[in-house]
Amino acid sequence: PVDRETIHFLKRAAAAKVPLIGVCTGSFILAEAGLMRYHQTCVSWLHIKEFRERFPDNPVRADCIFNLDRRRGSCVGGTSAADMAATLVRRHISGRAERNALEVLQIDQARPAVHIQPRRPLFKDFSNIHVKVALMTMEQNLDGMTIEDLAARIGVSRRQLERVFIETTGLSPARAFKQIRMDYAKRMISKTRASNIEVALEVGLKNASHFTRSFKRVHGQTPSQVRGS
DNA sequence: CGGGAAAGACTATCCGGGCC
DNA sequence: GGCCCGGATAGTCTTTCCCG
């Protein structure tokens, strides 16, 4: 719940044509204030269901990392805030100012708004907390991690994680992880001009050859066939 | 001719089933 | 919940094909 004072403040700022930016939860607050009804909001796929339930009339997307719509901006949180900020600095100050800011933040290159949000849930919402956390961790580590590491992060043994995973999802953790990575790869292939090796590295595979094989095994088509369709 | 994509062969490593 | 072993998968290297 957002207090009245905040809502009032935001409405006055909007009336005065002040640009308003929401980072993650901040986007919900802007929507709560009724300021995103005619502006597209970008939220994390983790929250898009909740956003739609709370604000059914508001246009919302979860396929990018941030969105700038006239005087309203929104991003999915985390490092996407820096990407959005970089775009704003470049747009309103200069490319040089953007580079300086990124250097201070130790960021090599800001991602564009259209960068695919690596967070679309592949599976339904499972009740088991270990499975939930495992799936989220997988999607946040697309560039690779072992099931051993994953289990350690969650605080269970590798074997125990595998058991509960198969029981809940019908898939082993490794298979689910592979599916998530190849699903992301497919979206990258169809939405960007990235080469196979670039996509392979993005999903934690070290060479294009192996990537092509894995991709075809999962999707039944090679990356170039998907791109051409 | 060069670069990228796809596939084959082989080896190393990891995962998953069985068992306790 | 942990250990062990066999099978599956990832990685490397190489070849072939296609396209500009």
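In what follows, chains carry the letters A, B, and so on, assigned in the order in which the sequence lines appear, proteins first and then strands, with residues in each chain numbered from 1. Because the structure is a prediction, the values reported are computed rather than measured.
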Kindly give the heavy-atom pair with the smallest separation between A31(A) and M36(A), and that separation in Å.
N-CG, 3.8 Å
Report each atom pair, protein N/O against N/O of nucleotides 2-4 of chain B, whose distance is under 3.5 angstrom.
none

Apart from V89(A) itself, which Ile, Leu, Val, Met, Phe, Trp or Tyr residues share its cluster (side-chain heavy atoms under 4.5 Å, direct or through members)?
I93(A)
Who pairs with R213(A) by side-chain hydrogen bond (donor to acceptor under 3.5 Å, both in side chains), at least two apart in sequence or on another chain?
none
Nearest whole angstrom, please: distance from the C1' of dA5(B) to the CZ of F211(A).
11 Å
Between D69(A) and R72(A) (side chain of the first, backbone of the second, donor and acceptor by atom type, cut-off under 3.5 Å), is there such a pair?
no
Got F66(A) and T87(A) here, is their nearest side-chain heavy-atom distance under 4.5 Å?
yes
Is the shortest heavy-atom distance from the side chain of L68(A) to the side chain of R91(A) under 4.5 Å?
yes
Quick one: E162(A) CD to dC14(B) C1', roughly how many Å, whole number?
10 Å
Letter by letter from the 5' end, nucleotides 4-15 of chain C scores (B base, S sugar-phosphate only, - none; protein heavy atoms under 4.0 Å) -----SBBBB--
Do any N or O atoms of the protein come closer than 3.5 Å to N or O atoms of nucleotides 18-20 of chain C, and which pairs are they?
none

My understanding is that only residues two or more places apart in sequence, or in another chain, count here; which of them pass salt bridge (charged side-chain N to carboxylate O under 4.0 Å, His left out) with E162(A)?
R158(A), R159(A)
To the nearest 0.5 Å, atom CZ of F51(A) lies from atom CG of N58(A) at 5.0 Å
With sequence neighbours excluded, tell me which residues meet side-chain hydrogen bond (donor to acceptor under 3.5 Å, both in side chains) with R90(A).
E98(A)
Test ring-ring contact (aromatic ring centres under 6.0 Å, His included) applied to F215(A) - qualifying residues, sequence neighbours left out:
F211(A), H219(A)
Through what angle, rounded to 10 degrees, does the axis of the helix from dC1(B)-dG20(C) to dC20(B)-dG1(C) turn between its ends, using five pairs per end?
40°
Run the side-chain contact (heavy atoms from CB on, under 4.5 Å) test against N100(A) and tell me which residues pass, sequence neighbours left out.
R96(A)
Contacts under 3.5 angstrom, residues 10-29 of chain A side chains, donor-acceptor by atom type, not counting sequence neighbours:
unit_1: S27(A); atom_1: OG; unit_2: G22(A); atom_2: O; d: 3.2

In this structure, how many angstroms lie between the C1' atom of dC15(B) and the CZ atom of F177(A), rounded?
14 Å
Residues in side-chain contact (heavy atoms from CB on, under 4.5 Å) with R4(A), at least two apart?
none
